[in-house]
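The structure appears right after this line, and notes come after that.
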Amino acid sequence: MAILKTYARLWSDDLDQALPLLQQLTGEQPHLRLAFESIGLAAIGDFLVIAGPAEERAKYDHATATVVVEDLDALQATLKSADATITTPATEGPTGRFLYARHADGAGVEYVQWNDELVSKIIRA
């Protein structure tokens with residue numbers, strides 16, 4: 001089970017307002033941008049911006065990072081052996097499959113297995 005990419009989560013009221021500074025800081029354009037339920041998401045550099053009204057963002061604030069993995073099924077076995085708790089089971093999303101876990105030490109993480117198209121476009125590019 002390999003980690004392909006890790007994102008620090010940034011919380012914002014407005015995605016369009018957050019991106020110009022991040023573009024300047026990273027020297028990059030967003031490599032992923034989409035709507036998910038009632039929030040907007042953009043990945044730029046090693047940041048994942050989660051934007052929208054505070055009450056909507058709060059639904060996702062139990063994780064401090066988003067980690068893209070090669071194999072979500074293998075990850076679940078690793079988490080189980082480390083006494084982590086799956087707080088949101090593996091679910092299909094717009095970028096592939098994801099789950100939320102709480103590690104035995106209390107850390108909350110979103111794990112994502114991207115679809116092949118995104119892995120080719122972003123990781124293997």
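Atom CG of Asp116 has 12 or fewer heavy atoms from other residues, nucleotides or ligands within 6.0 Å. Heavy-atom contacts from other residues, nucleotides or ligands closer than 6.0 Å to CD of Gln17 number 12 or fewer.
The shortest heavy-atom contact between Ala90 and Gln76 is CB-NE2, 4.0 Å. Between Tyr7 and Gly45, the shortest heavy-atom distance links the atoms CE2-O, 3.6 Å. What you find for Leu15 and Gly40 is that their closest heavy atoms are CD2-C, 4.0 Å. Annotation for His31 and Lys121: closest pair O-NZ, 3.8 Å, computed over non-hydrogen atoms. Minimum heavy-atom separation, Leu99 to Thr88: CB-O, 3.2 Å. Shortest non-hydrogen contact noted between Ser38 and Pro53 is O-CD, 4.3 Å.
The main-chain N or O of Thr78 is found under 3.5 Å from a side-chain atom of Ser81 such that the two form a donor-acceptor pair. The main-chain N or O of Ala42 is never found under 3.5 Å from a side-chain atom of Arg33 such that the two would form a donor-acceptor pair. Judged by distance alone, the side chain of Thr85 and the main-chain N or O of Thr87 form no donor-acceptor pair under 3.5 Å. Judged by distance alone, the side chain of Gln113 and the main-chain N or O of Leu72 form a donor-acceptor pair under 3.5 Å.
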Handout entry: side chain to side chain contact (heavy atoms under 4.5 Å, CB included) evaluation trace for His103 with Leu79
Key = CA-CA 8 Å; His103 296 183; Leu79 291 171; 4.1 Å; yes

Exercise for the section: Could you go through the salt bridge (charged side-chain N to carboxylate O under 4.0 Å, His left out) check for Asp61 and Arg9 one step at a time? Expected result: CA-CA 9 Å; Asp61 68 1; Arg9 289 176 158 212; over 6 Å; no

Exercise for the section: Check the pair Lys5 / Leu48 against side chain to side chain contact (heavy atoms under 4.5 Å, CB included), numbers first and verdict last. Expected result: CA-CA 11 Å; Lys5 187 153 184 63; Leu48 177 66; over 6 Å; no

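A continuous path of hydrophobic side-chain contacts links Trp114 to Ile50 [ILVMFWY only; heavy atoms under 4.5 Å]. By the rule that hydrophobic residues join a cluster once side-chain heavy atoms approach within less than 4.5 Å of another member, Ile39 and Leu32 end up as members of one cluster. In terms of hydrophobic clustering, with Ile, Leu, Val, Met, Phe, Trp and Tyr side chains grouped at heavy-atom distances under 4.5 Å, Val68 and Val109 are assigned to different clusters. Following chains of ILVMFWY side-chain contacts shorter than 4.5 Å, one cannot reach Leu10 starting from Tyr60, and the two form parts of different hydrophobic clusters. Clustering ILVMFWY residues whenever any of their side-chain heavy atoms sit less than 4.5 angstrom apart, transitively, puts Trp11 in the very cluster that holds Tyr100.
For the atom pair CD of Glu110 and OG1 of Thr64, the computed distance is 11.0 Å after rounding to the nearest 0.5 Å. Considering OG1 of Thr66 and CG of Asp46, their distance stands at 12.0 Å, rounded to 0.5 Å.
Within the 4.5 Å cutoff, the side chain of Glu37 has no heavy atoms near those of the Glu56 side chain. Between Asp13 and Arg57, some side-chain heavy-atom pair lies under the 4.5 Å cut-off. Side-chain contact between Gln29 and Leu19 is absent, with no heavy-atom pair separated by less than 4.5 Å.
Between Phe36 and Phe98, the ring planes are perpendicular. Angles over 60° get that label, and only those under 30° would be called parallel.
With Pro30 as the fixed residue, the side-chain contact (heavy atoms from CB on, under 4.5 Å) test singles out one of Ile44, Leu22, Leu41: Ile44.
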